[in-house]
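This report concerns only the one structure given below.
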Amino acid sequence: MSLAFYAPLKSPDHPTPSGDRRMARALIEALRRSGRRVEIACRLRSYDRAGDAVRQRRLQTLGERCVGRLLRRYRNQRDRPQAWLTYHGYHKAPDWLGPEISAALRIPYLLVEASFAPKQCGGPWALGHEATERAIGRADVVIGLTGLDLECLAPLVAPPAQLHRLPPFLDPAPYAAAQVARARHRAEIAARWRTDSKQPWLLTVAMMRADVKRDSYLLLAQALGRIRDRPWQLLVVGDGPSRGEIEAAFAPLGPRATFAGALPESQLPGFYAACDLYVWPAVREAYGLAMLEAQAAGLPVVAGHEGGVSEVVQHEVTGVLTPPRDPQAFAE
């Protein structure tokens, strides 16, 4: 079976790393291991960060053009896709392609990590919100990754369409291998970044965007500032436009905070395995793939209890969840 794969928020081969990109890649790999042939159908990014109605209409027009080009291509080739799968369409990054192409080719339309926010009705992303609502209503199969997603999706999915839950997942093999080689990874990191391997190492892995990621970093800096009397060092893996602001927030902690920048995905399992605790306040976190990766490497988590985090981290089993956006509770 061949699948046309489309991710309107960020293509799986987009150059900028993120949890969304890693989850899309994991999904493609899982499909391929099950014997499906997966083709990235289009790389149009329909994402509008600012709620700009003009930009949204322009992206809709580009999407309609892509539909025309893809249909011409599919109709002229023998091996057409047998199903269309859209990963993570929502009001800021709606799927302008899948519903039309699936209907024209008479193939199943699948939505994975679909999300719908009723509170966005009539807001700055009204065009994308309406498109997402229509897409969910037209899908043959809708798959949510968290219980919170399913609550909002359920009213829009009517039989014979199917609604399912697929918990966030990953391939544990690289993380298990890194855990076995923990001592080596720790020694390599200590030598490269001059960190004291005798101190407890805290780790966070996140992009430095000017949004809730930045807010989580700033809360983390506040929390760590309250435990300067304790022995610890923080390793930060990530980069982005807010790096200057974030580094300034951690400056009072001096050399105890080490910024490693963005690293290749292949190096992340070693970082997780080498550290002692994963820390992330998780402001408005959908679920937090990095926290799942940390646990796969045997690393316990301290995180804010917000969004779908509790569906990834088991409180007092694989980590500790603290009241959301509370730096004092996080410090404790």
Worksheet item: Would you say the side-chain atoms of Arg22 pair up with the backbone N or O of Pro17, donor to acceptor, closer than 3.5 Å?
Response: no
Worksheet item: Should Asp215 and Arg284 count as an ion pair when the cut-off is N to O under 4.0 Å?
Response: no
Worksheet item: With no hydrogens and no angle check, is any side-chain donor or acceptor of Arg33 less than 3.5 Å from a backbone partner on Ala30?
Response: no
Item to complete: Determine yes or no for a side-chain-to-main-chain donor-acceptor pair under 3.5 angstrom, with Ser46 supplying the side chain and Pro94 the backbone.
Response: yes
Item to complete: Starting from the C-alpha separation in whole Å, work towards a yes-or-no answer on side-chain contact (heavy atoms from CB on, under 4.5 Å) for Met291 and Glu285.
Response: CA-CA 11 Å; Met291 288 179 277; Glu285 193 76 60; 4.2 Å; yes
Discussion item. Using the rule that Ile, Leu, Val, Met, Phe, Trp and Tyr join whenever any side-chain heavy atoms are under 4.5 Å apart, tell me whether Ile101 and Ile40 fall into a single cluster.
Written reply: no
Worksheet item: Atom CG of Leu97 and atom CZ of Arg69: how far apart are they, to the nearest 0.5 Å?
Response: 9.5 Å
Practice prompt. State plainly whether one hydrophobic cluster holds both Leu277 and Val205, where clusters connect Ile, Leu, Val, Met, Phe, Trp and Tyr through side-chain heavy atoms under 4.5 angstrom apart.
Written response: yes
Worksheet item: Going from CD on Glu130 to CD on Gln120, what distance comes out if it is rounded to the nearest 0.5 angstrom?
Response: 12.0 Å
Practice prompt. Evaluate the side-chain proximity of Phe5 to Arg36: yes if any heavy-atom separation is below 4.5 Å, no if none is.
Written response: no
Discussion item. Tell me if a side-chain donor or acceptor on Glu39 pairs with a main-chain N or O of Ala41 at a distance below 3.5 Å.
Written reply: no
Discussion item. Return the CZ to CG distance between Arg37 and Leu31, rounded to the nearest 0.5 Å.
Written reply: 13.0 Å
Worksheet item: Can Arg192 and Glu188 be counted as an ion pair, charged N to O under 4.0 angstrom?
Response: no
Worksheet item: Looking at Arg182 and Asp276, does any basic side-chain N land under 4.0 Å from a carboxylate oxygen?
Response: yes
Discussion item. Is it the case that the side chains of Gln60 and Gln56 hold a donor-acceptor pair, with the cut-off being a distance below 3.5 Å and no angle test?
Written reply: no
Worksheet item: Taking the side chain from Arg226 and the backbone from Phe330, do they hold a donor-acceptor pair closer than 3.5 Å?
Response: no
Worksheet item: Does Glu311 use its side chain to pair, donor to acceptor, with the backbone of Gly147 at less than 3.5 Å?
Response: yes
Discussion item. For the backbone of Trp280 and the side chain of Thr204, can you confirm whether one donor and one acceptor N or O come within less than 3.5 Å of each other?
Written reply: no
Worksheet item: Quick one: does Arg80's side chain have a donor or acceptor within less than 3.5 Å of a partner on Tyr74's backbone?
Response: yes
Worksheet item: Given side chains that start at C-beta, do those of Val112 and His88 come closer than 4.5 Å, heavy atoms only?
Response: no
Worksheet item: Between Arg32 and Ile28, is a side-chain contact (heavy atoms from CB on, under 4.5 Å) present by the stated rule, with each step listed?
Response: CA-CA 6 Å; Arg32 286 174 174 165; Ile28 289 175; 3.5 Å; yes
Discussion item. Check Asp20 with Lys10, please: is the shortest side-chain N to carboxylate O separation under 4.0 Å?
Written reply: no
Worksheet item: Can any side-chain N or O of Arg243 pair as donor or acceptor with the backbone N or O of Met208 at less than 3.5 Å?
Response: no
Fill in: Beyond-backbone contact of Leu111 with Ile136, side-chain heavy atoms, under 4.5 angstrom
yes
Worksheet entry | Within-4.5 Å side-chain heavy-atom neighbours: Met23 and Leu145 | yes
Discussion item. Hydrogens and angles aside, do Gln233 and Thr195 bring a side-chain donor and acceptor to less than 3.5 Å of each other?
Written reply: no
Worksheet item: Same cluster or not: are Val312 and Val283 linked, directly or through other Ile, Leu, Val, Met, Phe, Trp or Tyr residues, by side-chain heavy atoms under 4.5 angstrom apart?
Response: no
Discussion item. Keeping Arg45 on the side-chain end and Ala7 on the backbone end, is there a donor-acceptor pair under 3.5 Å?
Written reply: no
Worksheet entry | Ring centers of Trp201, Tyr278 separated by less than 6.0 Å | no
Worksheet entry | Same apolar cluster (I L V M F W Y, side chains within < 4.5 Å links), Leu224/Leu219 | no
Worksheet item: Taking C-beta and beyond as the side chain, do Leu44 and Tyr6 meet within less than 4.5 Å on heavy atoms?
Response: yes
Worksheet item: Just how far is it from atom CG of Leu148 to atom OG of Ser115, taken to the nearest 0.5 Å?
Response: 11.0 Å
Worksheet item: Side chains of Leu234 and Phe250: does their closest heavy-atom pair fall under 4.5 Å?
Response: yes
Practice prompt. Find the distance between OG (Ser310) and CG (Leu321) and round it off to the nearest 0.5 Å.
Written response: 6.5 Å
Fill in: Ring-ring centroid check His129 Phe116, cutoff 6.0 Å
yes
Worksheet item: In Å, rounded to the nearest 0.5 Å, how long is the span from NE2 of His14 to OH of Tyr47?
Response: 11.0 Å
Discussion item. Check this for me, if you would: do Glu29 and Arg25 make a salt bridge, where the nitrogen-to-carboxylate-oxygen distance has to be below 4.0 angstrom?
Written reply: no
Worksheet item: Do Asp95 and Arg138 pass the salt bridge (Lys or Arg N to Asp or Glu O under 4.0 Å) test, and can you show the C-alpha distance, the side-chain angles, and the key distance before you say yes or no?
Response: CA-CA 12 Å; Asp95 179 15; Arg138 294 174 65 176; over 6 Å; no
Worksheet entry | Shared hydrophobic cluster, Leu253 / Leu218 (ILVMFWY, side-chain heavy atoms < 4.5 Å) | no
Discussion item. Do Thr322 and Val302 have side chains that approach each other closer than 4.5 Å (heavy atoms only, starting at C-beta)?
Written reply: yes
Worksheet item: Is Arg43 paired with Asp13 through a side-chain N to carboxylate O contact shorter than 4.0 Å?
Response: yes
